[in-house]
Undergrad: 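Can you read through this structure? Questions will come right after.
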Amino acid sequence: MADALAQAVRQQLGLGRLLPLGTEHDGAWVTEHAATAVLRAAAEEVPEVRVTALHIDLLAPDQAAEPTVPAPPTALRPGPLRVAGEFLAAAEQPLPTSAERLRATLYAAATDRLGLVVGAVDLQVTGLLDEARAADAAQPPGGAGPAGEASGGAGPAGAEGRLGPRAAAERVPATARPISDATVEGRVAGAVAAVPGVARLAPALGGLTRPVRIEGPRAAAEAEAPAATAPAPARHAQVQVAVAAGHRAVEVARAVCERARAALLAEAPGTVTVAVLVTAVDAADTADTATRERPEDVRGTRNPERAAHPESPESTADRA
């Protein structure tokens, strides 16, 4: 019941699902809102198409793995994801061509820009772009947009599914209020903020004062002195950050995890686990700093051919 309530609150806040970022060993998640914002921005570069709905979920929930660290409440277990979308296309070019271009773009943005493990990109053509443009021109100022681009509410694709791109872009997590360095959370937050690629601490869960949340004894001084044979106290940290433009989200999340873990071990020895939640990914034109190239993923380099042609039997044909 508590998880269902937390998920309902998240949907109302526009965060959507908490999607696994990387594999079960990375201990990283990203909000569906942040992920779909990146995909929408990439889709805007595809000529003669307009995305009207995007939704990301597990491709096979029963085959998802258990994460190696405690996950945020209601977060999806790591496993291949399915990107589902609806779009309008121009009548001047074949619909399969438009769909394939959009599919390749969404796949590349999800894997190269974010680090999501995508097993399928399923697209559906819902109308013609020319008709939508005519409806836009006939719409009085301040009126509702064309079907599928309402500025509020949730459709069957989830809280993020049928929200228009402008409405979705407006819900960017605010920067966290400063935390005192006199606290363990403050010292961990300071270490995390210095990680390359972290734009800011940007909590979306637990309020603006909780970008770092620590469970368990926070330092040796805060716990009773353990017996000589007792195991070291276990601690878990949840860190929420926004990723700067020009950086791959999963790479930044891995670095944040390592930095936060090192900071906690400097406070006191013991078992430490860290979960990282990416709540926003800055666009190049809104970043505070110049775009920097992301480091190459040591687990594999980018393959343009693979990005253009996702290798999955689940990449279904468009249903016109």
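Note that these values count all heavy atoms, side chains included, but never hydrogens, waters or copies made by symmetry.
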Undergrad: Side chains of Pro73 and Gln238: closer than 4.5 Å at any heavy-atom pair?
TA: yes
Undergrad: To the nearest 0.5 Å, what is the distance between CZ (Arg213) and CD (Gln240)?
TA: 9.5 Å
Undergrad: Give a yes or no on whether the backbone of Glu86 and the side-chain of Thr52 come within a donor-acceptor separation of less than 3.5 Å.
TA: yes
Undergrad: CD/Glu92 to CG/Leu129 distance, rounded to the nearest 0.5 angstrom?
TA: 8.5 Å
Undergrad: Using 0.5 Å steps for rounding, measure from the CD atom of Glu48 to the CZ atom of Arg101.
TA: 9.5 Å
Undergrad: Who passes side chain to side chain donor-acceptor pair (under 3.5 Å) against Arg259, sequence neighbours left out?
TA: none
Undergrad: For Ala263 and Val188, which heavy atoms make the closest approach, and how far apart are they?
TA: CB-CG2, 4.1 Å
Undergrad: Output the distance between atom CG (Leu116) and atom CG (Leu21), rounded to the nearest 0.5 Å.
TA: 6.0 Å
Undergrad: Between Arg261 and Glu258, is a salt bridge (charged side-chain N to carboxylate O under 4.0 Å, His left out) present by the stated rule, with each step listed?
TA: CA-CA 5 Å; Arg261 184 174 182 274; Glu258 292 300 321; 5.1 Å; no
Undergrad: Do Leu81 and Leu58 make a side-chain contact, defined as non-hydrogen atoms from C-beta onward lying under 4.5 Å apart?
TA: yes
Undergrad: Of all the heavy-atom pairs spanning Ala43 and Leu102, show the shortest one and how long it is.
TA: CB-CD1, 3.7 Å
Undergrad: Identify whether Val117 and Val38 are in the same connected component of the hydrophobic contact network (ILVMFWY, side-chain heavy atoms under 4.5 Å).
TA: no
Undergrad: Do Leu114 and Leu39 pass the side chain to side chain contact (heavy atoms under 4.5 Å, CB included) test, and can you show the C-alpha distance, the side-chain angles, and the key distance before you say yes or no?
TA: CA-CA 9 Å; Leu114 295 171; Leu39 269 57; 4.0 Å; yes
Undergrad: Side chain of Glu32, backbone of Ile56: donor and acceptor closer than 3.5 Å?
TA: yes
Undergrad: Taking all atoms of both residues into account, what is the closest heavy-atom pair of Leu201 and Ala189, and its distance?
TA: CD1-CB, 3.5 Å
Undergrad: Under 4.5 Å between any side-chain heavy atoms of Pro70 and Thr273, yes or no?
TA: yes
Undergrad: For residues Leu106 and Val118, determine if any side-chain heavy atom of one lies less than 4.5 Å from a side-chain heavy atom of the other.
TA: no
Undergrad: Whether the side chain of Arg113 engages the backbone of His247 through a donor-acceptor N/O pair (distance < 3.5 Å, no angle test) should be reported.
TA: yes
Undergrad: Kindly give the heavy-atom pair with the smallest separation between Ala255 and Val195, and that separation in Å.
TA: CB-CG1, 3.6 Å
Undergrad: Is there a side-chain contact between Phe87 and Thr126 (heavy atoms, below 4.5 Å)?
TA: no
Undergrad: Considering only heavy atoms from C-beta outward, does the side chain of Thr31 approach that of Leu18 to under 4.5 Å?
TA: yes
Undergrad: With the side chain counted from C-beta on, respond yes when His55 and Arg17 share a heavy-atom pair under 4.5 Å apart, and no when they do not.
TA: yes
Undergrad: Indicate whether any N or O donor in one side chain lies under 3.5 Å from an N or O acceptor in the other, for Ser98 and Gln93.
TA: yes
Undergrad: So, Thr279 side chain and Ala202 main chain: donor-acceptor pair closer than 3.5 Å or not?
TA: yes
Undergrad: When you compare the side chain of Val69 with that of Val274, does any pair of heavy atoms fall below 4.5 Å?
TA: no
Undergrad: Would a distance-only check, ignoring hydrogens and angles, find a side-chain to backbone donor-acceptor pair under 3.5 Å from Arg235 to Leu264?
TA: yes
Undergrad: I need the minimum non-hydrogen distance between Ala35 and Leu19, along with the two atoms involved.
TA: CB-CD1, 4.0 Å
Undergrad: Check whether Arg77 reaches the backbone of Gln63 with its side chain - one donor and one acceptor, N or O, closer than 3.5 Å.
TA: no
Undergrad: How would you list, by chain and number, every residue that makes a side chain to side chain contact (heavy atoms under 4.5 Å, CB included) with Ala41, sequence neighbours excluded?
TA: none
Undergrad: Using side chain to side chain donor-acceptor pair (under 3.5 Å) as the criterion, list what pairs up with Glu24, not counting sequence neighbours.
TA: none
Undergrad: Identify the heavy atoms of Pro78 and Pro20 that sit nearest to each other, and give their distance.
TA: CA-CB, 3.5 Å
